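Values reported hereafter were calculated over all heavy atoms of this structure, with side chains retained and with hydrogens, waters and symmetry mates removed. Quantities reported herein were computed from a predicted structural model and do not represent experimental measurements. Chain letters run A, B, ... following the sequence lines, proteins first, then strands; residues in each count from 1.
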Amino acid sequence: MLTRNMKSTPTTPEQRILAAIRAVPRGQVAGYGAIARRAGLPGRARLVARILGQNEDPGLPWHRILRSDGRIAFPPESAEFAEQCRRLRADGVEPRNGRVRMPEDEGTLDAALWAPR
DNA sequence: CTGATGACGGCGC
DNA sequence: TGCGCCGCCATCA
């Protein structure tokens, strides 16, 4: 049952990346590299950033994508930075100094659930 | 083809 | 935690 039927699923890297981004639920965040990984493109963090920059879909939760250390990727003075902060707060996430708490590890769900807050 | 650039990441101090 | 350096990738001049 190899679903890889050549001419039916042209799933481009961009498509998988966008899908991975859309998969990030409200109230949660993810790093560029993490998204790339989930999209099956390890090492393409910069590609994720590029896609986000090109993207025009207003429904895309772009604000949930941060750098691996939880920092917002835009310059603190930029309008984009402020906008992202706003959107995150709307999601219930509270950025401290342009930074949010990133999920410890994606593999250990236990840790995430048990992690002290 | 070479070098610069950028919504990045990981490591070391 | 904050910073700087260097590695990676895709574009573009």
Rounding to an integer number of Å, can you tell me how far [X] [atom1] sits from [N] [atom2]?
| X | N | atom1 | atom2 | answer |
| --- | --- | --- | --- | --- |
| A/L18 | B/dA7 | CG | P | 18 Å |
| A/I35 | B/dG9 | CD1 | P | 10 Å |
| A/R37 | C/dC8 | CZ | P | 16 Å |
| A/Y32 | C/dG7 | OH | C1' | 19 Å |
| A/L66 | B/dC8 | CG | P | 11 Å |
| A/F74 | B/dA7 | CZ | P | 8 Å |
| A/I51 | B/dC8 | CD1 | C1' | 14 Å |
| A/R67 | B/dA7 | CZ | P | 9 Å |

How close do [X] and [Y] get, heavy atom to heavy atom, and via which atoms?
| X | Y | result |
| --- | --- | --- |
| A/A73 | A/Y32 | CB-OH, 3.3 Å |
| A/V93 | A/G27 | CG2-O, 3.7 Å |
| A/Q15 | A/T11 | OE1-CA, 4.0 Å |
| A/W62 | A/E80 | CH2-O, 4.3 Å |
| A/A30 | A/R38 | CB-NH1, 3.8 Å |

Non-hydrogen side-chain atoms of A/L41 and A/V48 separated by less than 4.5 Å |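 Counting from C-beta outward, A/L41 and A/V48 never come under 4.5 Å.
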
Is there a donor-acceptor contact under 3.5 Å from the side chain of A/R16 to the main chain of A/E14?
->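 Flag not set: sc A/R16 to bb A/E14 has no pair under 3.5 Å.
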
Under 3.5 Å donor-acceptor, A/Q84 side chain and A/I65 backbone =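 Between the backbone of A/I65 and the side chain of A/Q84 there is a qualifying donor-acceptor contact (under 3.5 Å).
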
Please round to the nearest 0.5 Å and tell me the distance separating atom CD1 of A/I35 and atom CD1 of A/I51.
->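 Result: 12.5 Å between the selected atoms.
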
Which is true for A/R99 with a 4.0 Å heavy-atom rule: it touches a base, it touches only sugar-phosphate, or it touches nothing?
->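 Sugar-phosphate: the residue A/R99, judged by heavy atoms under 4.0 Å, touches backbone atoms but no base.
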
So which protein N/O to nucleotides 3-6 of chain B N/O distances come out below 3.5 Å?
| unit_1 | atom_1 | unit_2 | atom_2 | d |
| --- | --- | --- | --- | --- |
| B/dG6 | N9 | A/R46 | NH2 | 3.4 |
| B/dG6 | N1 | A/R46 | NE | 3.3 |
| B/dG6 | N2 | A/R46 | NE | 3.4 |
| B/dG6 | N3 | A/R46 | NE | 3.4 |

side-chain hydrogen bond (donor to acceptor under 3.5 Å, both in side chains) pairs, two or more places apart, involving residues 63-79 of chain A |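 Residue pairs with at least one partner in residues 63-79 of chain A: A/H63-A/D91, A/R64-A/D91.
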
Enumerate the residue pairs fulfilling side-chain hydrogen bond (donor to acceptor under 3.5 Å, both in side chains) with a member in residues 45-59 of chain A, sequence neighbours excluded, ordered by first and then second residue.
->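 Counting only pairs at least two positions apart or across chains, the side-chain hydrogen bond (donor to acceptor under 3.5 Å, both in side chains) contacts touching residues 45-59 of chain A are A/R22-A/D57.
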
Among B/dG9, C/dC12, B/dA7, the nucleotide that comes nearest once only the side chain of A/A45 is considered |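 Nearest to the side chain of A/A45 among the choices is B/dG9.
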
Sub-3.5 Å pairs of nitrogen or oxygen atoms, protein against nucleotides 10-13 of chain B:
| unit_1 | atom_1 | unit_2 | atom_2 | d |
| --- | --- | --- | --- | --- |
| B/dG10 | OP2 | A/S68 | OG | 3.4 |

Does A/R89 have any side chain to side chain contact (heavy atoms under 4.5 Å, CB included) partners at least two apart in sequence or in another chain, and if so, which?
->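 In terms of side chain to side chain contact (heavy atoms under 4.5 Å, CB included), with neighbours along the sequence ignored, A/R89 is linked to A/C85, A/E94, A/P95.
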
Using purine N1 to pyrimidine N3 plus N6-O4 or O6-N4 for Watson-Crick, or N1-O2 and O6-N3 for G-U wobble, both under 3.5 Å, which nucleotide pairs with C/dC8?
->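 Pair assignment: C/dC8 / none.
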
Members of residues 52-63 of chain A that approach DNA chain B, where some heavy atom sits under 4.0 Å away =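 Those residues whose heavy atoms fall under 4.0 Å from DNA chain B, taken from residues 52-63 of chain A in numerical order, are A/L52, A/G53, A/W62.
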
Nearest-nucleotide comparison on DNA chain C, the residue closer to the 5′ end among A/G43 and A/N97 =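 Its nearest nucleotide lies further toward 5', so the answer is A/N97.
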
